[in-house]
Structures are given as structure tokens and as C-alpha cells.
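The structure under discussion appears below in the form of C-alpha cells.
Model, not experiment: these values are computed from the prediction.
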Amino acid sequence: MKHKIIIDTDPGIDDAMAIHMAFADERIDVVGLTSIFGNVTTDRSTRNALRLAEMAHYPTIIAPGEATPLIRKPEPPADFVHGAEGFGRVPAASPLGTADRRSAAQFLCESCAAAPGEITICAVGPLTNLAVALSLDPQIVHNVKTIVIMGGSFAYHGNVTNYAEANIWNDPDAADRVFAADWDVTMVGLDVTERTQCTPDDFAFLSSRSPHIGGFLNEASNFYFDFHQSKTGIRSCFMHDPSAILAITDAHLFGFEMVSMAVVCQGEEIGRTRLYKEQDRRPVKVAMSVDNLAAREKFLGLVANADSIVEKRKAG
Ligand code: BDR
Ligand code: CA
């Protein structure tokens, strides 16, 4: 049985890495992509999601998400990490197709209701669409198979502030509602995503093996390497969003702890994910360790093969 996944995303360079890896993985059926603000505005995120699907000739639904957080004032997009258009210095291009008429939240609710217990939602951006889906159809907690998020940190620092990771920080109220709901949640946070890293040589390898998809990621990742190098002094990048997909397909690569989680929604520590000490929240499966070399190998192996999978899809 394939993993049926909807990826809730703000593409975004590492989002593009995750999505192309998922498109190239024959163990996965990407049922749809839902867009959200974060790395870029929601409009650009929808456009970029359409473009990624078209680039890979992957037939999937793209549903446009919320434009602003639930409560907090919107923060500017992270253009210093992902570039103004989302894919580094790769120029913007208009996709041929159009987005679904349904909102992301409607699409999430309807898809899960139509296939109860089958769909995993992998959220690799701020969690606003998931929070809106919870209000729209509370039954989604029973209809979804599981939620896997890239976001937060537990025994670790933040990446936007000392406390907060970007996806949670962009909409802390939404994230807190996601942790409070009675559904199965896995959190793949900075505790593990910063441990798996790739280098420019890795992307040059992908470009040589799969010039179309790997070549695009190689070009886009240059800007991402600039950002990481300015932060860490090393030209290697963190594999945030691909780690969340790997936690679905290759969960054995990770070590998890069961912890109830809450999010700080105000003040200096806004966006911090923290231990929730009361008994009325279902524990979250928090990824605390990763076989980072194996995770990197898995990513490289799948994306190296991406062009041949595209050709196979085109041939029908
Ligand atoms: C997360 O924030 C975004 O910049 C990345 O795409 C990733 O989802 C990392 O903190
Ligand atoms: Ca992302």
C-alpha cells in the first residue's frame, strides 16, 4: 500500500526538495499540495506548488491556503532564506494550470472524509490551514490517518528567535490548536532536521544524475547555501522539510519520544514549542534522534532517480 499524502507547504527551497523527493518516491501517492504563507506569500506559494507539480508531470491537486495567521500579525516572507520568489535566484515562471476551487482547509477535510484513515497530512509550513480545517470539520481528527509536521524544537534552540522555529513562529495559535486536537501528531523539529545536511557537491551530483529535477534543485539551492553559510560559516544546508517526508516513509531512521506539547502564543518566547504538563492533551510523537547519514543517502538516492520517474510517468 502506498502512503497517501497531502503536503501542506510554503515552497520554498527545502519544500521543493521535499516535494520532488516525494514525487520521485514510488512508495508515495501525493494526493494534493495545499499552500500556505511563510517562505513566500500564499499566492506565490500556490504558484510555486503548481510549478513543482508541472515540472515533475505529477498529476495532483493544488488547493490554495490561508493568506494570514489566525491571530498574530503576519510577518514578512523569509525572502532572505528562499529568495523573493521562493526558489532562490531561479526566476519566477507562470504555471500552465490553475489551483483547485476549494480552499486548502476544505480540500483537507473533504479528502480525509472521502478516504477515512488513509491520508497522512504532512505540514511543512505554518499550521494555519490545519487549524482552519479543525474548525471547518472537527471530524477530520477521526478521518485523517496521521499528521506529520516539520516544525518546532524540543531540547533545542529556535531558528527565528532563540526560542522559536519558523513554521511555528509564523502562526503559534494555529500550532497550539494542532497540538491540542485529538489526532495522531508527529513533530519533526529542529532537534533532527538540522542534523541532516547536504552540500553543494550533493546537489551537483543530483544535477548530473537528473538534470531536469536535480538541476533545478541545484540551481535553487545556491541561495539556500548562501544563507546557511552566513549563519554557520559552513556551506551545507539543513534538510528540514525532506526530513518530515522521510519520517513517514522511513520512520525507522528516527527515534521518537511521546510528549504532550503546547506553544507559547505571546511575549518574548512566542512560537516556542514546550512541554504541556496537564493531562488533557494527547501526547505527540517528537523526533529526537535521526540516522542522519542514512536520511541524506535516502534523499540523494530518490532525487537522483527523479528524471527517470518523470519519464516513466510521461510514458503513462
Ligand atoms: C522551516 O521554515 C521554512 O523556512 C522551511 O521551509 C522549513 O519548513 C524550517 O524552520
Ligand atoms: Ca517549508
Side-chain angles (χ1 to χ4, degrees), residues 9-21 36-41 44-45 48 74-90 124-126 149-172 175 187-206 216-247 263-264 268-274 286-290 292-293 295-296 299-300 303:
T9 174
D10 57 339
I13 298 170
D14 63 318
D15 300 72
M17 294 171 185
I19 290 166
H20 278 314
M21 182 183 74
I36 193 63
F37 60 87
N39 295 331
V40 285
T41 61
R44 287 180 185 185
S45 164
N48 289 352
E75 294 293 333
D79 56 1
F80 52 98
V81 186
H82 299 271
E85 303 292 342
F87 297 142
R89 295 184 194 87
V90 176
V124 295
I149 67 164
M150 187 283 129
S153 63
F154 187 49
Y156 207 58
H157 56 78
N159 62 358
V160 179
T161 67
N162 286 340
Y163 308 102
E165 180 281 329
N167 290 340
I168 306 294
W169 179 81
N170 267 305
D171 195 343
M187 177 177 125
V188 181
L190 300 177
D191 304 278
V192 292
T193 65
E194 289 197 358
R195 294 205 194 137
T196 302
Q197 301 188 16
C198 283
T199 63
D201 282 352
D202 291 330
F203 283 90
F205 160 76
L206 293 178
F216 163 75
L217 292 177
N218 185 34
E219 199 183 339
S221 65
N222 250 313
F223 193 91
Y224 200 50
F225 283 121
D226 290 346
F227 167 75
H228 283 81
Q229 190 167 11
S230 73
K231 285 270 171 203
T232 64
I234 300 168
R235 207 158 176 79
S236 69
C237 68
F238 302 142
M239 303 302 284
H240 297 297
D241 293 351
S243 300
I245 303 281
L246 290 173
V263 180
V264 177
E268 190 197 358
E269 297 190 8
I270 189 168
R272 178 178 187 174
T273 42
R274 64 164 180 83
V286 180
M288 294 301 292
S289 63
V290 60
N292 58 335
L293 296 181
R296 172 178 161 277
F299 168 78
L300 293 174
V303 179

Closest non-hydrogen atom pair, Pro172 against Ile270
CG-CG1, 3.8 Å

Pick from Asn48, Asp15, Asp14, Asp241: which one makes a side-chain hydrogen bond (donor to acceptor under 3.5 Å, both in side chains) with Thr9?
Asp15

Would you name the heavy atoms of Val290 and Arg195 that are closest together and state the gap between them?
CG1-CB, 4.0 Å

List the steps and the verdict of salt bridge (Lys or Arg N to Asp or Glu O under 4.0 Å) for Asp79 and Arg44.
CA-CA 12 Å; Asp79 56 1; Arg44 287 180 185 185; over 6 Å; no

Rounded to the nearest 0.5 Å, the CD1 atom of Ile36 sits from the CG atom of Asp171 at a distance of 7.5 Å

Mind listing the closest non-hydrogen atom pair of Phe216 and Val90 along with its distance?
CE1-CG1, 4.1 Å

Check step by step if side-chain contact (heavy atoms from CB on, under 4.5 Å) holds for Cys198 and Met239.
CA-CA 7 Å; Cys198 283; Met239 303 302 284; 3.8 Å; yes

When rounded to the nearest 0.5 angstrom, what is the spacing between OH in Tyr163 and CD in Glu268?
4.0 Å

Note, Thr273 side chain near Glu165 side chain (heavy atom, < 4.5 Å)
no

Partner set under ring pair (Phe, Tyr, Trp, His ring centres under 6.0 Å) for Tyr224, not counting sequence neighbours:
His82, His228

Using a 4.5 Å cut-off on heavy atoms from C-beta on, say whether the side chain of Asp226 contacts that of Lys231.
no

Give the C-alpha distance, both sets of side-chain angles, the deciding distance and a yes or no for side-chain contact (heavy atoms from CB on, under 4.5 Å) between Val124 and Ile245.
CA-CA 9 Å; Val124 295; Ile245 303 281; 5.6 Å; no

Quick one: are Leu190 and His240 in side-chain contact, heavy atoms under 4.5 Å?
yes

Value rounded to 0.5 Å, distance of CZ in Phe225 from CD1 in Ile234
12.0 Å

Quick one: does any side-chain atom of Asn39 pair with a main-chain N or O of Asp10 as donor and acceptor, under 3.5 Å?
yes

Tightest non-hydrogen contact, residues Asp202 and Gln197, listed as OD2-O, 4.4 Å

Student check: side-chain heavy atoms of Thr193 and Phe238 closer than 4.5 Å
no

Looking only at heavy atoms, the pair that brings Ala166 and Val160 closest together is CA-CG2, 3.3 Å

In Å, rounded to the nearest 0.5 Å, how long is the span from CZ of Phe154 to CE of Met187?
7.5 Å

Given side chains that start at C-beta, do those of Asn222 and Arg235 come closer than 4.5 Å, heavy atoms only?
yes

Can you measure from CD (Glu75) to CZ (Phe37) and round to the nearest 0.5 angstrom?
10.0 Å

Do you know which two heavy atoms are closest between Met17 and Pro242, and how far apart they sit?
CB-CG, 3.8 Å

Show, in sequence, the C-alpha distance, side-chain angles and deciding distance for Phe203 and Cys237, and conclude whether the side-chain contact (heavy atoms from CB on, under 4.5 Å) test is met.
CA-CA 11 Å; Phe203 283 90; Cys237 68; 4.2 Å; yes

Using 0.5 Å steps for rounding, measure from the CG atom of Leu217 to the CG atom of Leu206.
7.0 Å

